[in-house]
Amino acid sequence: MRPEINLTDSASLPEGGLKTFSTPDGGPAVLLARHQGQVHAFAPNCPHYGAPLEKGKLLNGKIICPWHHACFRVADGTLCEPPALDDLPTYPVREAEGRIWVQVPANPPASTDKPEATPTAELGGTPPPAPAPAADTRTFVLVGGGAAGEFAAQALRREGFAGRVVLVSAEADVPYDRTKLSKAYLAGKAAPATLPLRKRDFYEAQQIEWRPNSRATGLDLAKQELQLAGGQPPLHYDQLLLAPGSTPNLLPKLPGHNLAGVLPLRTKADADALLAATKNAQQVVIIGSSFIGMEAASSLIAEGRAVTVIAQEKVPFVRVLGPEIGAMFQKLHEEKGVQFETEAEATSILGERGHAVGVELKSGKLVPADVVILGVGVRPATDFLKEAFTLEKDGGLAVDEYLQAAANVYAAGDIARFPLAATGQPTRIEHWRVAQQHGQAAARNMLGQQQKFTAAPFFWTQQYGKSLRYAGHAEKWDEITCHGDVAQQDFLALYVLDGRIVAAAGMGRDTDMIYITELLGLGKLPAPADVHDKTDWAALR
C-alpha cells in the first residue's frame, strides 16, 4: 500500500455524497461515499465498462453505475446486481479532525477511457472466492454458456456451494459479452480478446466444469438426467438450470435464405462470419429493424458501404418505444447514410452462382446486396425440452416467482416466462441484464434460499454513440408521455397502461433513469398525473 493520504476535508463529502478525488503526484483517483455518517473509499470506475461511478447514485445502501446500473454494496463494495461481474475494490479510509485519510494500493485496478475496447474481467474488482474442499457431493448442471449460465456459475461459488458445477454450452467459446457483437465488435473497434466475460483459467480456478460444443438434446425429469448430443453419456443433476438462450429466426420459407452471404447475428461465430463477409462488401441489406439489426446498421455504415434496412413497420422500434422515438432513431440513421424501405416485405433473396446479390420486395423493387443480414428476432432454444415440458406458444418455459419450472429444475434468461413483479403478468424478456439477474436468483434458489425474483427489467442500446436506457416492460400502452426533446435525444418517455407507469425510456436522463428503475423495483412510481418535466425523482424514493 502507498502511504496514507490526507485526501480532503470532511465538509466536501456530505451525507449521501458520491465523489471522486484526485491524489497527489498523479496517483490513482479515489471514489468517496458517505452513507449513514460513515465514509467509504473505492476505486472510481465500474468494473463493467469503466463508467465513472461519481456520476451514478448512492441509493438504499448501494452504489449504482450511471451507464448500465450495476450495483455495489456501499458497506464493502460487494457486487449486488449485474452487469458487472466483480466487487468494487475498496481502500482503507478513516476520518479524523475534519479530514478524510485514505490508502490506495501501489498497483490499483486498471481503468479505461475506452471501455468498449477493454475486457470486462480486466477492469479490476475481486473475483469470487475459490470453493471450499469438496465436501458436497451434489451436482448442479447449468445449460447455456450465455449471460444467465455464466452468472449462475459464479453466483453458486460466491454463495459457498462446494459441490460439482457443470456449465454446458453449445458454443465453442467461453461465455462472452454478446452485447458487444452488434456494436463495437462488428464495427471493428473491439478485438476478440475483449469479448470473454471471464478467462478460461477463471473456470479452472473456480472448479467450474466448462463443457464447450455440448448441445442438450433431451431431459428426463424422473431420472434427473440431461441428454447430450454426440454420443455423450447422460449428465445426472441434483439441481438443473435451463438457460440455453435463443436461436435466430432464419426465415426458412423465404426463397434464397440459404444462399451464401445471407447471415444471422447471434453468436461470436456469426459476427466473425459477418466481419469476413462485409470486409469488401459495398452493399449491405438488413432484413428487420430489431435492436440487433439497427445496431448492426450503425456499426457497418462506414468504409464506403451502403446499408439498407428493410422494415415491416413504418418506423423502427415502434412496438417497443413508440412512433416518436422510433422516428428519431430512423432520422439518426438516415443522417449517417442508412437507407430505409419501410412498411416493406422481403419476398425473396436473389442469387448468382450461389451467392446473394439482392433482395426483392413485395412491391417489386429490387434492393442490391453483397451481404444480407437477418435481423428478424429470435425464438427460445427450447426444442430439446418439448418432451419434458408443455412449452408456451412462443417456445418459452413457464416458471414461478422463484424461477422454478419443476422439482429441482429452474429456468433463466430468454426462455423463462416469469411473473413480472410489478404486475404479476407472465412475461418473457430477452434482455442481457435480466438474464444475468435470473442466473443469480436461480443459483440462490437452487441452494434453497427461496428468493422471489422482483427486479425491474432494464436494458440499453447504443447507436452512433447515443445511448437509450429503458426500464420496466410495456408490451402495450394507453399513452406515452414525453418530457424533454425527443428529436434532440434529450428526453424521458413514460409508458402508461391502465393509469399506471409501467415503463420508461430516456436519453440524456441517466440520473432520472436510475431513480425510476429503483422505484419500479419497489413498486413506488407516482401516478402519471403527478409527473412533469421538472419532477424530482430523488424525492420520491
Taking atom types as modelled, is there a side-chain donor on [X] or [Y] under 3.5 Å from an acceptor on the other?
{"X": "Q38", "Y": "Q36", "value": "no"}
{"X": "Y49", "Y": "D177", "value": "yes"}
{"X": "E159", "Y": "Q449", "value": "yes"}
{"X": "H40", "Y": "H35", "value": "no"}
{"X": "Q462", "Y": "S467", "value": "yes"}

Would a distance-only check, ignoring hydrogens and angles, find a side-chain to backbone donor-acceptor pair under 3.5 Å from [X] to [Y]?
{"X": "R433", "Y": "H69", "result": "yes"}
{"X": "D414", "Y": "P380", "result": "no"}
{"X": "N60", "Y": "K62", "result": "no"}

Checklist entry - Is any side-chain N of the basic residue among D136 and R138 closer than 4.0 Å to the acidic one's carboxylate O? => result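 Salt bridge: yes.
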
Checklist entry - Are the charged groups of E171 and R178 less than 4.0 angstrom apart, N to O? => result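 Yes, charged N to carboxylate O under 4.0 Å.
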
Item to check | F459: ring-ring contact (aromatic ring centres under 6.0 Å, His included) partners, not counting sequence neighbours | outcome: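 Expected list: F291, H431, Y470.
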
Item to check | Partner of T461 under side chain to side chain donor-acceptor pair (under 3.5 Å), chosen from K466, E295, R469 | outcome: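 By the side chain to side chain donor-acceptor pair (under 3.5 Å) criterion, T461 pairs with just one of K466, E295, R469: E295.
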
Checklist entry - How about K268: does its NZ atom have over 12 heavy atoms from other parts shown lying under 6.0 Å from it? => result yes

Next on the checklist: I'd like to know whether the aromatic ring centres of W477 and Y495 sit less than 6.0 Å apart in this structure.
Outcome noted: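 That pair passes the under 6.0 Å test.
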
Checklist entry - Hey, are the side chains of L385 and L397 touching, using non-hydrogen atoms and a 4.5 Å cut-off? => result yes

Checklist outcome for this item: Of all heavy-atom pairs linking Y410 and A442, the shortest is CB-CB, 4.3 Å

Item to check | salt bridge (charged side-chain N to carboxylate O under 4.0 Å, His left out) contacts touching residues 419-429 (sequence neighbours left out) | outcome: D394-R428, R428-E430

Enumerate donor-acceptor pairs with a distance under 3.5 Å from any side-chain N or O in residues 218-226 to protein atoms, sequence neighbours excluded.
from	atom 1	to	atom 2	distance (Å)
D220	OD1	A222	N	3.1
D220	OD1	K223	N	3.0
Q224	OE1	N408	ND2	3.1
Q224	NE2	Y237	O	2.8

